[in-house]
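For the numbers below, each heavy atom of this structure counts, side chains included, while hydrogens, waters and symmetry mates do not. All chains are named by letter (A, B, ...) in the order of the sequence lines, taking the proteins before the strands, and each is independently numbered beginning at 1.
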Amino acid sequence: MPELPEVETTVKQLRREILGRKIEGVWSDFKKIIKKPKDFEEFRKELAGKKIKKIERRGKNILFRLSGGRTLLIHQKLTGHLLVGKWVKERGKWRVFSGALSEKINSYIHLLFVLGNGQMMALSDLRKFAKVELWETERLRETKEFKDLGPEPLDKEFTLEQFQESLKAKKGKIKQILMDQKVVAGIGNIYSDEILWAVKVSPFKRACKLSKNETQAIYRAMRRILSQAIRLKGASISDFRDIRGERGRFDRVRKVYQKEGERCPRCGSVIKRQKVGGRSAHYCPRCQKL
DNA sequence: CGAGGTACCTGACAGC
DNA sequence: TGCTGTCAGGTACCTC
């Protein structure tokens with residue numbers, strides 16, 4: 001899935017394109033993607049006529065604040081991405097009619113919101129892991145998932161002291177801790193690898209064993225790299241696209257993620273890949289010693 | 001509580 | 001050409 005920078009890119013572009021629009025209709029060929037309400041007809045009825053008043057990001061979640069006190073939540077998981085344009089269906093596939101520039105045919109559109117002017121917002125999702133939920137805004141705030149979400153790493157209020165405090169008691173490996181949405185919201189596999197390479201810390205190092213200097217370096221690199229990735233409109237290593245179907249440029253500057261067997265740009269050693277908690281960590285065995 | 005496995009899906013790619 | 005196994009930006013849910 002898109003991580004924080006990719007979701008932020010999407011949200012910024014959506015604000016420009018569809019803020020203030022009314023949802024006129026909903027189409028889906030994979031209704032299981034809508035987790036709440038379970039019944040698609042109910043989902044369709046509740047959305048009909050709602051106006052998109054605000055679009056926000058919280059961690060990796062996209063929140064559409066709608067009229068009538070409702071919030072539409074979309075989590076894109078691994079391969080979901082939102083596209084804005086106008087499509088027509090031809091031989092079972094959605095073809096771009098207007099709006100999107102580079103994505104001419106998309107076989108993975110499973111949910112479409114008709115927004116008026118013939119404009120549409122589509123959720124394309126190869127692996128169908130994305131989740132879509134419609135909430136009463138107040139109820140959503142009370143959910144465990146939301147209350148448990150950690151601070152926004154780019155928030156001014158999120159201080160180094162806070163970060164140090166949250167790592168102090170963690171026995172887990174730092175890579176896993178960085179990806180734990182309860183510790184910090186929005187970091188996933190790409191950016192955790194890139195952050196740790198930047199500060200020469202092993203992904204296997206226990207969070208509680210980090211020195212003050214290391215923690216500070218991670219904190220700073222986290223903010224720097226995420227901001228840089230947002231400026232570059234995210235990473236399109238797999239199939240993330242922005243809402244016009246265009247690729248992000250972070251993958252051009254990444255140093256280790258999915259670069260197993262290549263040379264470390266800093267010391268020339270061969271980049272290794274090793275599992276950490278079920279995910280692949282990519283790192284330089286020389287720069288990032290345990 | 002934490003750690004680890006599995007489930008949810010589809011597709012690309014390597015090796016036989 | 002197929003078949004098999006592995007891997008893929010995430011997270012929920014289960015068991016121990």
**Request:** For A/Gln176 and B/dG2, give me the distance from atom CD to atom C1', rounded to whole Å.
**Result:** 10 Å
**Request:** Provide, to the nearest angstrom, the distance between the CG atom belonging to A/Leu4 and the P atom belonging to C/dG10.
**Result:** 12 Å
**Asked** Where along nucleotides 9-16 of chain B does protein come under 4.0 Å, by heavy atom, of base (B) or sugar-phosphate alone (S), with - for untouched nucleotides?
**Response** BBS-----
**Rounded distance in Å - NE2 (A/His282) to P (C/dC7)** = 10 Å
**Item:** Distance test, side-chain N/O of A/Lys60 to OP1/OP2 of C/dG9, below 4.0 Å
**Value:** no
**Request:** Could you state the atom-to-atom distance from CG of A/Asp180 to P of B/dC1 in whole Å?
**Result:** 13 Å
**Test: A/Arg57 and A/Glu152 ion pair at under 4.0 Å** = yes
**Asked** Can you find a side chain N or O atom of A/Lys131 that sits less than 4.0 Å from OP1 or OP2 on B/dC8?
**Response** no
**Request:** Check the distance between C/dG10's P and A/His81's NE2 and give it to me in whole angstrom.
**Result:** 16 Å
**Message:** Output the rounded distance in Å from CZ (A/Phe146) to P (C/dA12).
**Reply:** 11 Å
**Asked** Does a salt bridge link A/Glu133 with A/Lys35, judged by any charged N lying under 4.0 Å from a carboxylate O?
**Response** no
**Request:** Check the surroundings of atom CZ in A/Arg139: do more than 12 heavy atoms from other residues, nucleotides or ligands lie under 6.0 Å from it?
**Result:** no
**Request:** Under a 3.5 Å limit for both distances, which nucleotide forms a Watson-Crick or G-U wobble pair with C/dA8, could you say?
**Result:** B/dT10
**Prompt:** Just how far, in rounded Å, is P of B/dG4 from CZ of A/Arg279?
**Reply:** 15 Å
**C/dC3 versus B/dC9 - spacing of their P atoms, nearest Å** = 23 Å
**A/Ile230 CD1 to C/dG9 P, straight-line distance once rounded to whole Å** = 20 Å
**Complete:** Closest to the 5' end of DNA chain C, once A/Ala235 and A/Glu145 are matched to their nearest nucleotides, is A/Ala235
**Prompt:** Does A/Lys275 make a side-chain N or O approach to OP1 or OP2 of C/dA8 shorter than 4.0 Å?
**Reply:** yes
**Request:** Please determine if A/Arg95 and A/Glu90 form a salt bridge, counting it only when a charged side-chain N lies under 4.0 Å from a carboxylate O.
**Result:** yes
**Request:** Would you please say whether a donor-acceptor pair under 3.5 Å links the side chains of A/Thr9 and A/Lys233?
**Result:** no
**Prompt:** Using a cut-off of 4.0 Å on non-hydrogen atoms, how would the nucleic acid contact of A/Arg273 be classed: base, sugar-phosphate, or nothing?
**Reply:** sugar-phosphate
**Request:** Establish, with yes or no, whether the OP1 or OP2 oxygen of C/dG9 is under 4.0 angstrom from a side-chain nitrogen or oxygen of A/Gln258.
**Result:** yes
**Asked** Considering only the P atoms, how many Å lie between B/dG5 and C/dC7, rounded to the nearest integer?
**Response** 13 Å
**Message:** Surrounding NZ of A/Lys131 (heavy atoms of other residues, nucleotides or ligands, distance under 6.0 Å), is the total greater than 12?
**Reply:** yes
**Asked** Do any side-chain nitrogens or oxygens of A/His75 fall under 4.0 Å of OP1 or OP2 in C/dG10?
**Response** no
**Prompt:** For A/Ser107, which contact category applies under a 4.0 Å heavy-atom criterion: base, sugar-phosphate, or nothing?
**Reply:** nothing
**Request:** Describe the nucleic acid contact of A/Lys182 in one word from base, sugar-phosphate, nothing, applying a heavy-atom distance below 4.0 Å.
**Result:** nothing
**Message:** For C/dG9 and A/Gln76 - does any side-chain N or O of the residue sit under 4.0 Å from the phosphate oxygens OP1/OP2?
**Reply:** no
**Nucleotide of C/dC7, C/dT11, C/dG10 approaching A/Leu78 most closely (side-chain heavy atoms)** = C/dG10
**Atom P, compared across B/dT6 and C/dG5: separation rounded to whole Å** = 15 Å
**Item:** Pair A/Lys200 + A/Glu214, salt bridge at N-O below 4.0 Å
**Value:** no
**Request:** Could you tell me whether A/Glu194 and A/Lys255 have a side-chain N and a carboxylate O separated by less than 4.0 Å?
**Result:** no
